[in-house]
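What follows is a set of notes on a single structure, which appears directly below.
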Amino acid sequence: MVRVSRNNLLFFALFAGGIVLPTAILSLLSFRNIQNEIFLAQKNFDESKAAFQKEIEETLSKEQERIYQETKAASLFLYELPKSLLEFGNAATFKDVKGIEAIFLYNDGQLVYPDISSRHFNKTTDFSNTVPSPSERQLFWQENNPDNQQNTLLSRSFKMLQAPFETKNEQVQNMLGLIRISYKQKDYDEALRLLSILETHPHLQGYLHADITRAVNLLHFEILVKQKKHQEAEDYCLSVLSQFLQSPNIENIPSAKFFFEEAFTQILSFEKLTQEKREAFWNLRANFNRQLGYMDILAKHRELFNELLDNEYTSKDGILFRNDDDITLFKMTYPLLSGNQIVIAKLDNEAFRERILDKLKATALSWKNIPYSVTNEKDSLLLGSIPDSAKVLTQISITDAYDWEFALYEKDVKEIRKESRQRMFLMYGLLSFSLITVILGSFFMLRFITQERKLLAMKANFLSSVSHELKTPLTSIKMFAEMMARGRVQKTEKVQEYSALIGKESTRLENLIGAILNYTRMEHGKGAFKWERLDFSACVQKVYDAVEDIGIEKGLEFHTHFEPNTFVMGDHTALYSLAQNLIENAIKYTNAPGDITINVYNEDEHVVFSVSDTGVGIPASEQKNIFNDFYRVGDEMTRSTKGSGLGLAIVKRVAETHKATISLSSKPGKGSTFTIRFKKVE
């Protein structure tokens, strides 16, 4: 009886002690925990709820603190900006803060930025009483008729002579008409002359509406651009800006913003503008538009700004919020800022809400199983969901900027049980999978050990067979050789007979050693083969010629058919060994009288080689094993036909290496047929 090796016993012990036993213990403990899953789920929900609320509060606190710090950094940057707006061409890029629309700086109660916001703001003068006269209406109608433009020009020029007898309003309207006509007729010099009169005579300019003033400025600028007087256009734009900044009263910010935006944009489009000037005008446009926007905000909400400035209340973190309709402001003071510095920031409501909600969404992703909601001051849902008829467990205000409320709800018991069942099924599945894995692992391990035992048994049989096979011919050769050497054989006939027996036994010994060497060569794979195009019929013919006498002496009858031109790509020695093993096996296991049929022929894209005999046959239960290494049907010590057990193993190795298919048809007592199909080559 073959014993299992010590290594296998050690492997089995480690497998049982390191995997099977721990798995069984863990399975028992897991089964007990699964039974308590509902209780654990409820406890886990209570713990998760508190952790979720804490994380939400920390997230909001950190994000709001980040906004305050970014606003502080931006305000410190604004302190370093040039004091004169005309110097903003050399200013660095403004630091934007997502969620903040405008930042206002105060020091000792005085506005520091934007510095022009301290001007006195006047509402646009009501000019509803400046109604055009009937004659002005008639001239305006004629002006729009191309056929009457020259007559209209003469009429308006005549009215200029009557200026002392007309009101200031009529004079301005008539002059505007003359400017329009000159512009349409492309008499740009005359248009500029008339525009200069309006711009340089305050007693006339005072009758202009603020919108008309900026329209006059823009027309003056565009005429210079049309005349390609780019340098004059740049100087004119800066002079208007200087007048605007020096004016004690600032009227109609939107019209001023429109003029400067148009002028700066056109200047930036000048092809010959130097890079230095381009950067200067770019920064000037950005900073000036920003200051005008800030001025507009301050003008519209001055009362709310004053309320925040006058409010002496300061929270411990130096932040105070105020809401008024659609505007939200916060004041930042000590300890975030030093000394008497104050920052008032206007929130960009949409961007601020988006920034806060994005952080809340990111945090809530990790707590999908907890019902919650975030609602605004109108009880509109911003995040989460509001469960039907669910009890509110916690409800807190989560931001000072808006009246937002964060609520946590009690989870439905049915929902907890449903989730528990899902986890239970999952855990049962994992537990079952682990047990099945261990069982299958044990099965395959035992099968591996069993196969190894069979392999050891076959190797033992092989060694026994080889011992007998090698010993028998060697004994015969030694005996006959000694008899002949000692002169005990005198007759010539006996010498010839013994010499023939020695040659026969030597051939038998040579074939056995050749089978062992061929098997060893097969184990080295394709690298041990020499590939060439050869006629397989010729190869089989050589094998048949070598073994025919053995079969005839045994009383067997051969039937052969070797079709010519059966070309295959292969190793001659290996294919010779394949044919030799199949034919010799047929001879070996067929008793007289018996027939052996050998065929080689072309069939479509294949070359077919078949060997049939009328021998003992192979039982169906043994057919799946006969191609295994060292395997032989029956017991090695009791069977009458000797062999190494390597013949059919070599046949299988050769067929697989040549990508050929091998099939067997056999019945006990009826014989066997081996058929091999090779791929044909031209």
Side-chain angles (χ1 to χ4, degrees), residues 77-78 80-96 113-116 119 149 175-176 178-202 204-205 208 210-247 250-296:
F77 166 79
L78 292 176
E80 300 172 0
L81 289 179
K83 300 305 178 184
S84 173
L85 191 60
L86 291 175
E87 299 176 7
F88 264 106
N90 301 319
T93 305
F94 184 80
K95 292 185 178 180
D96 290 312
Y113 181 88
D115 58 343
I116 60 176
R119 310 281 183 189
Q149 279 191 1
M175 189 171 292
L176 290 174
L178 287 170
I179 293 171
R180 288 195 299 269
I181 293 173
S182 300
Y183 185 79
K184 290 178 181 178
Q185 294 180 348
K186 297 185 179 180
D187 188 357
Y188 296 140
D189 291 335
E190 177 63 17
L192 287 176
R193 186 184 70 81
L194 295 172
L195 286 169
S196 298
I197 293 174
L198 282 178
E199 293 175 313
T200 57
H201 290 75
L204 290 180
Q205 191 176 6
L208 290 177
D211 285 338
I212 299 178
T213 301
R214 297 306 164 211
V216 167
N217 296 147
L218 185 59
L219 183 60
H220 190 151
F221 175 82
E222 289 185 346
I223 289 175
L224 292 174
V225 174
K226 286 182 179 292
Q227 292 179 320
K228 308 258 183 224
K229 298 177 180 179
H230 291 169
Q231 184 59 53
E232 291 184 30
E234 295 173 25
D235 295 340
Y236 176 75
C237 176
L238 293 176
S239 68
V240 174
L241 177 60
S242 180
Q243 292 173 10
F244 176 80
L245 297 176
Q246 293 172 8
S247 175
I250 296 178
E251 297 180 353
N252 205 316
I253 294 175
S255 64
K257 187 175 182 180
F258 176 78
F259 165 74
F260 290 113
E261 175 68 21
E262 286 292 316
F264 288 146
T265 301
Q266 289 197 50
I267 291 173
L268 288 171
S269 68
F270 293 167
E271 292 183 359
K272 295 183 179 180
L273 192 67
T274 64
Q275 183 65 27
E276 183 179 359
K277 279 191 175 183
R278 193 177 301 278
E279 291 180 1
F281 275 104
W282 181 275
N283 290 331
L284 181 60
R285 183 183 69 169
N287 286 284
F288 183 65
N289 285 340
R290 182 177 296 106
Q291 288 214 34
L292 284 179
Y294 287 8
M295 288 165 58
D296 199 23

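FYI, the numbering just counts along the sequence from 1. Source: prediction; values computed, not measured.
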Using 0.5 Å steps for rounding, measure from the [atom1] atom of [X] to the [atom2] atom of [Y].
{"X": "Q291", "Y": "N289", "atom1": "CD", "atom2": "CG", "value": "10.5 Å"}
{"X": "L192", "Y": "E232", "atom1": "CG", "atom2": "CD", "value": "8.5 Å"}
{"X": "R193", "Y": "I179", "atom1": "CZ", "atom2": "CD1", "value": "9.5 Å"}
{"X": "L292", "Y": "R290", "atom1": "CG", "atom2": "CZ", "value": "11.5 Å"}
{"X": "E262", "Y": "R285", "atom1": "CD", "atom2": "CZ", "value": "10.5 Å"}

Parallel, tilted or perpendicular, as decided by the 30° and 60° cut-offs, for the rings of Y188 and Y183: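 The rings of Y183 and Y188 sit tilted, inter-plane angle from 30° to 60°.
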Work out which heavy atom in [X] is nearest to a heavy atom in [Y]; give both atom names and the distance.
{"X": "L273", "Y": "L268", "value": "CD2-CA, 4.2 Å"}
{"X": "F221", "Y": "C237", "value": "CE1-CB, 4.2 Å"}
{"X": "H220", "Y": "S196", "value": "CE1-OG, 4.3 Å"}

Measure from the side-chain N and O atoms of S242 to the backbone N and O of L238, and report whether any donor-acceptor pair falls under 3.5 Å.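 Not at all, since once roles are kept as given, no pair shorter than 3.5 Å links the two residues.
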Kindly indicate whether the side chain of [X], heavy atoms from C-beta on, has any atom under 4.5 Å from the side chain of [Y].
{"X": "K226", "Y": "K186", "result": "no"}
{"X": "I223", "Y": "L195", "result": "yes"}
{"X": "E234", "Y": "K277", "result": "yes"}
{"X": "D189", "Y": "Q227", "result": "yes"}
{"X": "R214", "Y": "N217", "result": "yes"}

Among F281, F270, Y236, which residue satisfies the ring pair (Phe, Tyr, Trp, His ring centres under 6.0 Å) criterion with H230?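 The residue from F281, F270, Y236 that satisfies ring pair (Phe, Tyr, Trp, His ring centres under 6.0 Å) with H230 turns out to be F270.
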Please tell me whether E279 and N283 have a donor and an acceptor in their side chains that are separated by less than 3.5 angstrom.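 The answer is no; no qualifying pair exists.
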Apply side chain to side chain contact (heavy atoms under 4.5 Å, CB included) to E261 and F288, showing your working. CA-CA 9 Å; E261 175 68 21; F288 183 65; over 6 Å; no
Derivation and outcome, side chain to side chain contact (heavy atoms under 4.5 Å, CB included), residues L284 and L241: CA-CA 11 Å; L284 181 60; L241 177 60; 4.1 Å; yes
